[in-house]
Protein chains: 2
Amino acid sequence: MAGKTKKSYHHGDLYNELFSAGKSLLEESGIHNLSLRNLAQTIGVSHNAPYRHFKDKAALMTAIADSGFEELTAAFLKIIKKYPDNPIKQFKELGLAYLKLAIQNPETTDLMFGGFTKKEKDWLAQPNQSSHASFQLLVDVIENGQAKGLFKIENPLECAIVAWSSMHGLAILITSGFLHDIATSRIQIKKLGERLTELLLLGIQA
Amino acid sequence: MAGKTKKSYHHGDLYNELFSAGKSLLEESGIHNLSLRNLAQTIGVSHNAPYRHFKDKAALMTAIADSGFEELTAAFLKIIKKYPDNPIKQFKELGLAYLKLAIQNPETTDLMFGGFTKKEKDWLAQPNQSSHASFQLLVDVIENGQAKGLFKIENPLECAIVAWSSMHGLAILITSGFLHDIATSRIQIKKLGERLTELLLLGIQA
DNA sequence: ACCTGAACACCGTTCAAGT
DNA sequence: ACCTGAACACCGTTCAAGT
């Protein structure tokens, strides 16, 4: 908070600096090229200092992933407030915002969905607290649309899962380069998000 | 091919053994815990022998990712042949098969979509040859359904992208544990795949 | 041609020590 | 409490050498 230029022995704001420089380095270099040692050196601190603030590398990664969900929640809230009493518009904009954030921060998005953790055979054993808020906002919008008689779905949860899946999958297809030879212009790619939200709404709207 | 028990100095089938043991280790331990050294030791060969067969670690990962796409293509072909002249059934089964494979081999799937490669800002510059065949099969099915007047879509490519995105996203949501507290039983999870294909068909069918 | 062993420049993590 | 330096057990990769 106070952080001006206190560059003596005690750093002062090392936690936050590790976090933000970590997130930058992550998006620049990818998860495989981000090392705690490199990060520490970039900040100008010994390779061991981070351990006073994060238990291990996984803890830093988790913190970054959590912040991704928080960013998402903030973006969702902003949209919901911008279009009050308009679930259709809210639903559409939520999808596009998700896509935008995921494409802008592909490595963070990867982390949010287990990019660092080993995938367990038993997925039922992996909770993910920080992701609940953003997901719940989507569910709320859908339930609201249902209550207003705008959506003809019977299961808002299922509907939210399907919508989230679609947007997430599209973001990955785009950032992975899978669509390289298929949708070659960025304009086409932007259109894909809109078409997908339209198609989802088509299956949802009354 | 001849590979019986030739366990002297020259290994004989090291390439294939590296590949298959590598794929097993990958799915068991996750990408971050798979090391070439560990792999070499498992097979019983010096930590350096792999370099005679794979240029580097990335080459092995690429080979595994490619095999994932080949497996997918094989599964797709089998389905298409099983339900000839029935694009609707084909479309449905393709989706479910994709989901099944992705959930069974989450780490390989991750690799197929850039899990090892750093995500480039310019996605337009990342070709992915081996993925074309499987994707094209899906496009073919959709075009076939279109020609038969069963599907009311105007752009088969766009439709294929949307369908692929949805299934891929759902697979990731499942294997990442994101749905942990949301869809808690495997039965519900299996249903999600079916519901998603139904919804997609709803937006597609004439 | 195929494999090994030593070597190099990196990792994450721990531990005793400094301020 | 916060940071440093040495140390340990790992990595990927290269190079000279062995079969």
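Hydrogens, waters and symmetry mates are skipped; everything else that's a heavy atom, side chains included, is used. Order of the sequence lines fixes the chain letters, A, B, ..., with proteins taken first and strands second; residue numbering starts at 1 for each chain.
- Aromatic ring pairs are classed by plane angle as parallel below 30°, tilted from 30° to 60° and perpendicular above 60°; the pair His53(B) and Tyr15(B) is perpendicular.
- When atom types are taken as modelled, the side chain of Ser134(A) and the backbone of Ser131(A) share a donor-acceptor pair closer than 3.5 angstrom.
- In terms of phosphate contacts, His53(A) brings no side-chain nitrogen or oxygen within less than 4.0 Å of OP1 or OP2 of dA1(D).
- Nucleotide dT4(D) holds its P atom 12 Å from the CD atom of Gln41(A), rounded to whole Å.
- When atom types are taken as modelled, the side chain of Gln90(B) and the backbone of Tyr83(B) share a donor-acceptor pair closer than 3.5 angstrom.
- When Watson-Crick and G-U wobble pairs are counted only if both distances are under 3.5 Å, dC3(C) pairs with no nucleotide at all.
- Separating the CG atom of Leu14(A) from the C1' atom of dT4(D) is a distance of 13 Å, rounded to the nearest angstrom.
- Between Arg52(B) atom CZ and dG18(D) atom C1' there is a gap of 12 Å when expressed in whole angstrom units.
- Ring orientation note: the planes of Phe151(A) and Phe91(A) are nearly perpendicular, at an angle over 60° on the 30°/60° scale.
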Nucleotides 6-14 of chain D: protein proximity per nucleotide (B base, S sugar-phosphate only, - neither; heavy atom, under 4.0 Å)
BB---BBBB
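- Nearest heavy atoms, Leu18(B) versus Pro50(B): CD1-CA, 3.7 Å.
- With a 3.5 Å ceiling on both atom-pair distances, the Watson-Crick or G-U wobble partner of dG12(D) is dC8(C).
- Searching all strands for a Watson-Crick or G-U wobble partner of dA17(C) with both distances below 3.5 Å returns nothing.
- Ring geometry for Trp164(B) against Phe178(A) counts as tilted: the plane angle lies between 30° and 60°, on a 0 to 90° scale.
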